[in-house]
Amino acid sequence: MSTEYNPSEIEPKWQKYWEQDKTFKTDKEKDKPKYYVLDMFPYPSGSGLHVGHPEGYTATDIMARYKRKKGYNVLHPIGWDAFGLPAEQYALKTGTHPRDTTENNIQRFKEQLKSLGFSFDWDREVNTTDPDYYKWTQWIFLKLYEMGLAYQDDVPVNWCPELGTVLANEEVVNGKSEVGGFPVVKKPMRQWMLKITEYADRLLDDLDELDWPESLKEMQRNWIGRSRGADVDFQVKGYEEDIRVFTTRPDTLFGATYMVLAPEHETVDHVTTEEQKEKVEEYREQARQKSELERTELNRDKTGVFTGGYAVNPVNGEEIPIWIADYVMLSVGTGAIMAVPGHDERDWEFARKYDIPIREVVKGGDVTQGAFTDTESGEVVNSSNNEISLNGLPVKEAKEKITEWLEKKGYGKEAINYKLRDWLFSRQRYWGEPFPIIFVDGEAKPVPEEELPVTLPDVEKYEPSGTGESPLANIEEWVNTTDPETGKPAKRETNTMPQWAGSCWYYLRYISPEYDEAPVDPEEEKYWMPVDLYVGGAEHAVLHLLYARFWHKVLYDCGVVSTKEPFQRLVNQGMILGEVEYTAYKKEDGEYLSADKVDEYDGKLEKISLEEEEVDKQGDNYILKGTDIQVEGKAHKMSKSRGNVINPDDIVEEYGADSLRLYEMFMGPLEQVKPWSTKDVEGVYRFLNRVWRLIVDEDTGEIDEDVVEDDPDKKQLKTLHETIKKVTEDVEGLRFNTAISQMMTFVNDANKWDKRPRPAMEKLVVLLAPFAPHITEELWEKLGYEESIAYADWPEYKEEYLIPDTQNFAVQVNGKVRAQLEVDIEKSEDKEYVLGLAKEQQSIQKYLEDGKIVKEIFVPGKIVNFVVK
RNA sequence: GCCGGCGUGGCGGAAUUGGCAGACGCGUUGGACUUAAAAUCCAAUGGGCGGAGUACCGCCCGUGCCGGUUCGAGUCCGGCCGCCGGUACCA
């Protein structure tokens, strides 16, 4: 063993020890308070960990290790969200079974995670692709099915020919697939849907109780998108059925001058007149061919066609023309709107273009210039019939009054609309959970619980079957089965579940991974749930977190879990960007172009990347040294194509896992986006070296002789207990960066002491242990302890040691600091005494001479201020 | 467009409740040790000005910009500007 701090020796040593000793196996006893700290479920990709992963994992690991020391029973598990597209696409290319790819990737991830010293309980590892796991995913689906929350529907789905699969709305970004960026078209297909909309209100309302970032809750609220308004039925001239519209502005009903149906709306055929038929059909065909992208494009020149039909406005009996236009979406509201051009920007634009009358019904703007949409200041006008008048009312009251009237007359009722849609839950892929569903005589029937799991068969080819069905459709011997109840021939469902399925409930499986009567052991569940701290990236803000909450509520309703919400406290770690890069722009003629002019330049530009030494700072900009040419200085998202990916393995090799962990926490606040800087890793590495030398004599490898058995003196106790206090509070608040700087300050102080009292040194080691577990285990051992430091008690600070002998005051005159004052602690609360002392200061007197003191401010322990005129 | 977040030294960031802006780290500069270098240790380090003249003292400016409240504002209020994230014909 070397005598200097050598992470490459001590880190593997302790990792091996923890593994063999099962140091972090979760205690089965339930006499202690519990703490469940969870990381977001990793997908074991082929490229291994990047430095973003350990950020969240280190944060949770520090919490886990800290809570163990505080006497908690800690559940800190890990597992694999291992179904998914990449392994399947790799299989398409190479023929390798996704199971093998997945297994290899998991192996790699595990090694990397272990090399970082995370204190996971590896005996609870779960894997979504394990039949013992997905048996319960299927079981939960059966519950959903039994509860009427899973249904089949022929829906126009987002079909991605390139991926050979259907995507959820959330997986389509700007009309292209989120994965790979391939085109997506609408295609009707039989699909499984989950009725998440039935839980919309609860998903919305229960957000209030959660300790989550406000921004994230807001994103979920927007996603659910609850809006209050009214459903109003309009009679159609010459057709028996009404058209129902949803509006958030029933107060503007008198201003409706036309109606618009989505081109796909089923009533279009019934209202279209003979002479308009051709135009309408043509328009509908155009709309059908438009991709999602084109229809929602920023270029919003509104188009539409008059159907020839008329609807009757229930408030005034007026006949208004019915149009179709693709600015109205079938999937929003009822797929039909009453158009009020005076008070809706889209309707205003449309009415302008097609010369439809614009009527003012809320006073406050100029409807000839644009729609007046303010609902706070307006006053309703031109809105009365024989029975009711809204005139003179503010918008809010008018809404209530007209809604009541509509309801009384049977023309409509108050209604709540959601942006949230039902969840498209099937995929035409191989590498996912099979549905526990068979079709007997074409009718869907659940596979009995005893028959679970329905396992994935091996296939020869991973290509989609060509019909859009999954590769499973080609496995005759798997597809064809018999109904265990009747013995009739049956066919299996060939769709598989989306990747979200497995990650919707994994946090429950960790609680009792071996339990074989339900997804989770009810007794264990009552003890461990809810998750006390959940850390992960903001990219899961809506999808994963909304789906998991939905499933959790379903499981709550059928008595599987005891809490309404799964994740009590949630934190999003910020992304770690690559190192700052400097880029200069060069024109075709070889001249540099200043970075601030790049936007206005039309020609081709070459990007030249520069070293830090070639760049200077000038004002707020970076310039090429010795010139006035501005260059770009920016940290970019890490990506393979940019080549700025930092591999944690390299950092571990050079500085050790403890330094990597410490650096990732020291960079800045956990939630914030931060640029990586390898140079800065050296700073924390030096700090660890200083800690080592504080305790170990590098010549002998023994405890340094300046580490003495004496008790710390008063000054040392003060520094120590300040450190204990700050580190404790900061860890609780996840402010790891400032916790670390406090320990650095302590070490800088202790370095100046002649003798270093052993009790103080030991407390430092314990404080540091959650952050840098390897070096502290080694030091703990050197200090003579035989047990791991993992369960060594967290030190408590004593308030009495924090009290200083003297108190410093800043003495201000008119708010500017002019002197410092040191006051005996006993007298520091004595206003008259301190003020008197302050006035005697020479440097203060010259300010007091010139005028009269009009006010004296005294803030105990902090500041004295004289206001002089 | 709408919603949310953020603007502090050369850089990452600190200041948790309105009370001495710049903790801690990086970088830079100087010094000690060394044949030398690395490592380590010590010191200085927001900008400007002035008085000394030998490491001492003082003044002014300074937390994106403009204004306000206050004895006192990085922190609170109003109005802008910029960057990042989310979302978008949501009726």
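A note on names: the letters A, B, ... follow the listed sequences, proteins ahead of strands, and every chain is numbered from 1.
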Nucleotide [N], atom [atom2] - distance to [atom1] of [X] in whole Å:
X	N	atom1	atom2	answer
A:Y685	B:A39	OH	C1'	10 Å
A:F736	B:A23	CZ	P	23 Å
A:I416	B:C90	CD1	C1'	15 Å
A:K674	B:G7	NZ	P	14 Å
A:E671	B:G4	CD	P	19 Å
A:I224	B:G86	CD1	P	19 Å
A:L216	B:G5	CG	P	13 Å
A:E214	B:C6	CD	P	13 Å

I'd like to know if [X] reaches the base of [N] with its side chain, counting only an N/O donor and acceptor under 3.5 Å.
X	N	result
A:K726	B:U16	yes
A:K302	B:C89	yes
A:N865	B:C71	yes
A:Q820	B:C20	yes

Within 45° cone of A:Y327 ring axis and under 6.0 Å: A:K302 NZ or CZ
yes
Should the pair A:K617 and A:Y622 be classed as cation-pi, given the thresholds of under 6.0 Å to the six-membered ring centre and 45° from the axis?
yes
If the [atom1] atom of [N] is compared with that of [M], how far apart are they to the nearest Å?
N	M	atom1	value
B:C65	B:G10	P	14 Å
B:U87	B:G79	C1'	26 Å
B:A15	B:G64	P	16 Å
B:A73	B:G67	C1'	14 Å
B:A14	B:U75	C1'	14 Å
B:G18	B:A55	P	43 Å
B:A32	B:G22	P	31 Å
B:A44	B:C56	P	10 Å

For the side chain of [X], starting at C-beta, report the closest nucleotide among [options].
X	options	value
A:A810	B:G19, B:U87, B:C20	B:C20
A:Q812	B:G19, B:C89, B:C84	B:G19
A:R693	B:C41, B:C89, B:C20	B:C41
A:S227	B:C24, B:A91, B:C11	B:A91
A:F246	B:A91, B:G19, B:G25	B:A91
A:S741	B:C71, B:A23, B:G13	B:A23

Quick check: on RNA chain B, is the nucleotide nearest A:E682 upstream (toward 5') of the one nearest A:K752, or the reverse? Name the residue that is more 5'.
A:E682
Sorted by position of nearest nucleotide on RNA chain B, 5' first, the leading residue of A:A538 and A:I740 is A:I740
When you check the phosphate oxygens OP1 and OP2 of [N], does a side-chain N or O of [X] lie under 4.0 Å from one of them?
X	N	answer
A:K855	B:C71	yes
A:R690	B:U40	no
A:N748	B:G25	yes
A:K679	B:G27	yes
A:R346	B:C90	yes
A:Y847	B:C59	yes
A:R735	B:A14	no
A:N737	B:A14	yes
A:K816	B:C61	yes
A:Q742	B:C24	no
A:R686	B:G27	yes

With a non-hydrogen cut-off below 4.0 angstrom, is [X] in contact with a base, only sugar-phosphate, or nothing?
X	answer
A:R221	nothing
A:S215	sugar-phosphate
A:T248	sugar-phosphate
A:P213	nothing
A:Y258	nothing
A:R818	sugar-phosphate
A:V332	base
A:K419	base
A:V684	nothing

Taking atom types as modelled, is there a side-chain donor on [X] or [Y] under 3.5 Å from an acceptor on the other?
X	Y	value
A:T806	A:E822	yes
A:E698	A:T3	no
A:Y283	A:T303	yes

May I ask you to test the A:F666-A:F736 pair for a side-chain heavy-atom distance under 4.5 Å?
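Side chain of A:F666 against side chain of A:F736, heavy atoms only: no contact under 4.5 Å found.
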Does A:R228 have more than 12 heavy atoms from other residues, nucleotides or ligands lying within 6.0 Å of its CZ?
no
When you check the gap from the basic side-chain N to the acidic O, do A:E579 and A:K679 get nearer than 4.0 Å?
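Answer for the salt bridge query: no.
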May I ask you to decide whether A:E349 forms a salt bridge with A:R346, counting only side-chain N to carboxylate O separations under 4.0 Å?
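Here A:E349 does not pair with A:R346 in a salt bridge, since their nearest N and O are not under 4.0 Å apart.
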Quick one: are the ring centres of A:Y418 and A:W223 less than 6.0 Å apart?
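No - the distance between ring centres of A:Y418 and A:W223 does not fall below the 6.0 Å cut-off.
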Is B:G9 in the syn range, within 90° of 0, or in the anti range?
syn
